[in-house]
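Contents: one structure, followed by commentary.
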Amino acid sequence: MTCEYNLYDPSWCPGCGNYMIRKALKQALEELEIPPHMAVIVTGIGQAAKMPHYIGANGFNGLHGRALPPAIGIKLSNKELTVIAESGDGDTYGEGGNHFIHTIRRNVNIAHFVHDNQIYGLTKGQGSPTTAMGQVTTLQFDGVKVEPVKPLALSLTMGAGFVARGFSGDIPQLVELMKEAIQYKGYAHLDIFQPCVVWNKVNTFQWYKDRVYKLPDDYDYTDFNAAYEKSLEFGDKIPTGILYKVEKEIYEDRFQFIKEGPPLVDAVLNPMDAEKLMKDFY
Amino acid sequence: MDYTILIGGAAGQGIETVVLLLEKTIKRSGYHVFTYKNYMSMVRGGHNFMQVRFSDKPVTTYSTKVDMIFAMTAETVDFHMGNLKEGGLVVLDEEYHRDRDFMHLPLQKIAKEIGNQKVVPTIGFGAIGKYFGLDPEVAMDTLEEAFKDKVLQLNIEAFKKGYELTQTEIELEKKRDDKIIINGNQALALGAIAAGVKYYCGYPMTPSTSVMSYISAKSKEMGIVVDQIEDEVGALNMALGASYAGTRAMTGSSGGGFSLMTEALSLSGILEQPVVVVNAQRPGPATGLSTRTEQADLRFVIHAGHGEFPKMVIALRNPEDAFYQTARAFNLAEKYQIPVIIMTEEYLTDYMMTMNPFDFSKVEIVRNVEANYEGTSERYKRYEYTETGVSPRILPGKKEGVEVLVDSHEHNEYGNIDESIETRNSMMKKRMQKLEGLKKELMEPDQIGAENPEILLVGFGATHGALLDAVTRLNDDGLSVGALVYGDIWPFPTDMINKLGRDAKKIITVEQNMTGQLESLILEKTRLEISHRILKYDGRAINGDEIISNLKSILEG
Ligand SMILES: Cc1ncc(C[n+]2csc(CCOP(=O)(O)OP(=O)(O)O)c2C)c(N)n1
Ligand code: SF4
Ligand SMILES: [Mg+2]
């Protein structure tokens, strides 16, 4: 089977890291031989969240902050679909922070790619939950006054079974990380550094390039404490790769009829099946 | 015959148990039963009461005056003495000796002998049962259902002891029983399950929670995902995801949670993603009166969601309506690819009423999903322009080479972001065009009483039972009174009210809100002037008696 993901014209700025992420996504899906009609990209609102428009898969482009809840609804309804939630740092860690926390607890079998440009791109440069303390933005004129979120430490401590970081400047690595995340059975959190060339003049391509390093081959990603330490490393050096990966029971499997039955969406609906429930009311 | 027993006490004392045993046993003896529940928002302490009304004719409302007060606290007597009919009886534990006209029973003393204070309600049930000559065998069946093992043995003993305490004063002759007894939320949940709901996600909020817990109890048996979500925002967004994948999905809350859902409601409008949402009303603003009733969300619900998009709102009138209308809501949602909101009210979610069993064979399933759609272009157009405004819907993953794109921005036929003037205008018209089809589906309000009444009462939702009772009694007294009670309320059906309203001498609205929200809707859509209004917003349900007394004072000017 050929898995040709047709692309449509994006409206991202030239030089935006989103182009590279899109390229990696297309390549990952093609290499995994997931046909376009079996993949769903679910997003919120933002620059990153426009992804469903620019790739030939199924797409659900919903509300700002709300990519994860529909992704779960889709996966539980049709377990045969490959479901990828994809959104910006503001979308995911800000507006959608509550869903992020509880999606990790659920551990539904979906992949989650966060385009982390440490800024609000679409709305023109306000601080995001991952913008550094003190950084001057188009809204925080004398600098951001709140501590940034530590996304990987957050997902780790919430119990995520797959936690990783990529960089849009390293496509081969990003493709591998995306493939791992998609194939991982459970919720997979992949935070991707993505330069915003227009609104974030601090965290530039070069800024990331100077700092990221790949976790060494002998790094043990099943070691929670090691992963936790790596998740907090955010200075002159920032690790990329799979920080943590362990097997966990997935949410779907806790519903016997989903685990063992056909996809929920294939259920034949017959009102007479429910008639027996009336006996409790006599 | 028509009797009402009021059972009152502190929360946690077990008045629910007395009521459950009574309503089932009386129903199974062949009578019509109506139980009105009145809770405070407390798990322990506070005064709660319930009224079990029964008759050999159908009962659709509770009665202001009661024949018996079964008081589990002395306070109950103080609260309700004014409601006792002349010649009515007060039954009270001998511990709280009050008045020599009362019937004092050694309930707690017997419970002590049995060795368990929790059996007090069952002793009371025995005493009341004997008083009304209920068949002990029927009562025993009910006990066996309500309790198990050791607890059952204790309760049987308690029932027998209670049964010996009183004499039979009123003989309820045992008759054939083929009815069910059910409340509005159970019926709503049953309607949803009959319609094939496969995904219910929500966040607990009284008085909507019992819909979710009923479906949850049947989750395994019926293969339904029931999921408690982090918040109501997540709940509706998740239901929309499930709907996109193709399952019949539903969520529900009360006003507070429904408020949080409004952004996603608007999303379902532009995604054209069918979904059913329940708003079980309680009095606001904000937390308001969490266990009481109101109809003050009408205006909010019909306009809920930013921007303009078609939606349907159905107000449930009684449990039977709850069953059939909920099942129908799923069809309308999918046929027109719109959100359908079911409005209910705390009163209706809780009261128990006897009625004919639901006919599941009458429930139809219309999905409007195209499994074999060939399409008119190379790429699937989720939002293809059509005459009806409804585009052919394919489910993702169900057809090779077909990818389904839904989008919350204004979009073109493919679902891609498009801000052009032409697309915007065409897409607005396309979506709103669906209202034309929907209008043809509307059910006119239920007409009660005189064919061409001089006095026309108009209400919606759960006041149906009270209006039915009031109008029937007023007609029996020779007054030319009729009523229209709305179920389908948005889009607003106007044929019937235009017809009856033009000839009526007086149009009087009956609403459980302060500002007359239905009245304003009637005025807006028909230009009919309402002459008087009966409005109640104290959080307690209106009954037939109150409608009659209010109407009489209006007529007396
Ligand atoms: C409820 C709501 N609030 C605010 C917005 C405005 N808004 C759209 S995207 C966005 C932030 C985008 O930042 P991010 O998620 O980091 O995505 P990026 O554009 O950087 O990829 C905001 C504030 C919105 N669309 N909806
Ligand atoms: S504003 Fe930033 S994030 Fe948005 S497209 Fe341009 S470069 Fe990319
Ligand atoms: Mg961003």
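Just so it is clear, the model here is predicted, and its values are computed rather than measured. Here is how names work: the chains are called A, B, and so on, in the same order as the sequence lines, proteins then strands, and each is numbered from 1. Heavy atoms only: backbone and side chains are in, while hydrogens, waters and symmetry mates are out.
- Taking every heavy atom of both residues into account, A:Leu76 and B:Tyr199 meet most closely at CD1-OH, 3.2 Å.
- For a residue to count as touching a neighbouring chain, one of its non-hydrogen atoms must lie under 4.5 Å from one of that chain's; by this rule A:Arg106 touches chain B with the side chain only.
- Across B:Arg248, B:Lys220, B:Met352, B:Gln186, the residue that shares the most heavy-atom pairs under 4.5 angstrom with chain A is B:Gln186.
- Looking at B:Ser219, both its backbone and its side chain come within 4.5 Å of chain A, counting heavy atoms on both sides.
- Heavy-atom proximity under 4.5 angstrom to chain B picks out A:Pro52, A:His53, A:Gly56, A:Ala57, A:Asn58, A:Gly59, A:Phe60, A:Asn61 from residues 51-61 of chain A.
- The candidate with the highest count of non-hydrogen atom pairs below 4.5 Å against chain B, out of A:His99, A:Lys75, A:Met38, A:Glu80, is A:His99.
- Within the 4.5 angstrom heavy-atom criterion, only side-chain atoms of A:Lys276, from C-beta onward, approach chain B.
- At a 4.5 Å heavy-atom cutoff, the contact between A:Leu81 and chain B is made by side-chain atoms alone.
- Of the residues considered (B:Tyr414, B:Phe358, B:Phe360), B:Phe360 shows the highest number of contacts with chain A, using heavy-atom pairs under 4.5 Å.
- Taking 4.5 Å as the limit, every side-chain heavy atom of A:His37 sits out of range of all side-chain heavy atoms of B:Pro396.
- Heavy atoms of B:His411 lying under 4.5 Å from chain A are absent altogether.
- Between A:Pro70 and B:Asn237 the shortest side-chain heavy-atom distance falls below 4.5 Å.
- Ranking B:Asp231, B:Ile193, B:Val404, B:Val363 against chain A, the residue ahead of the rest is B:Val404, based on heavy-atom pairs under 4.5 Å.
- Remark: side-chain polar atoms of B:Lys24 are paired, donor with acceptor, to backbone N or O of A:Tyr282 under 3.5 angstrom.
- With respect to chain B, the highest number of heavy-atom pairs below 4.5 Å among A:Arg105, A:Lys50, A:Arg66 belongs to A:Arg66.
- Of the atoms belonging to B:Ile181, heavy atoms from both backbone and side chain fall under 4.5 Å from chain A.
- Only the backbone of B:Asp178 comes within contact range of chain A, judged by heavy atoms closer than 4.5 Å.
- Proximity to chain B is absent for every atom of A:Gln256, based on heavy atoms less than 4.5 angstrom apart.
- Taking both residues in full, the closest heavy atoms of B:Glu230 and A:Pro69 are given as OE2-CG, 4.5 Å, listed atom of the first, atom of the second, then distance.
- Neither the backbone nor the side chain of B:Phe330 has a heavy atom closer than 4.5 Å to any heavy atom of chain A.
- Considering only heavy atoms from C-beta on, A:Leu68 stays 4.5 Å or farther from B:Met238 through its side chain.
- The minimum heavy-atom distance between A:Ile74 and B:Gly241, with the atom names listed, is CG1-O, 3.2 Å.
- Looking at A:Ile258, only its side chain comes within 4.5 Å of chain B, counting heavy atoms on both sides.
- Using a 4.5 Å cut-off between heavy atoms, A:Ile45 contacts chain B through its side chain alone, with no backbone atom that close.
- At a 4.5 Å heavy-atom cutoff, B:Tyr380 makes no contact with chain A through either its backbone or its side chain.
- Using a 4.0 Å cut-off between charged nitrogen and carboxylate oxygen, B:Lys218 and A:Asp280 count as a salt-bridge pair.
- Both the backbone and the side chain of A:Phe281 come within contact range of chain B, each with at least one heavy atom under 4.5 Å from a heavy atom of that chain.
- Salt bridge status for A:Asp266 with B:Lys398: present, with a side-chain N to carboxylate O gap under 4.0 Å.
- For B:Leu395, the part lying under 4.5 angstrom from a heavy atom of chain A is the side chain only.
- Listed by chain and residue number, A:Asp89, A:Asp116, A:Ser128 satisfy the side chain to side chain donor-acceptor pair (under 3.5 Å) test with A:Thr130 (two or more places apart in sequence, or in another chain).
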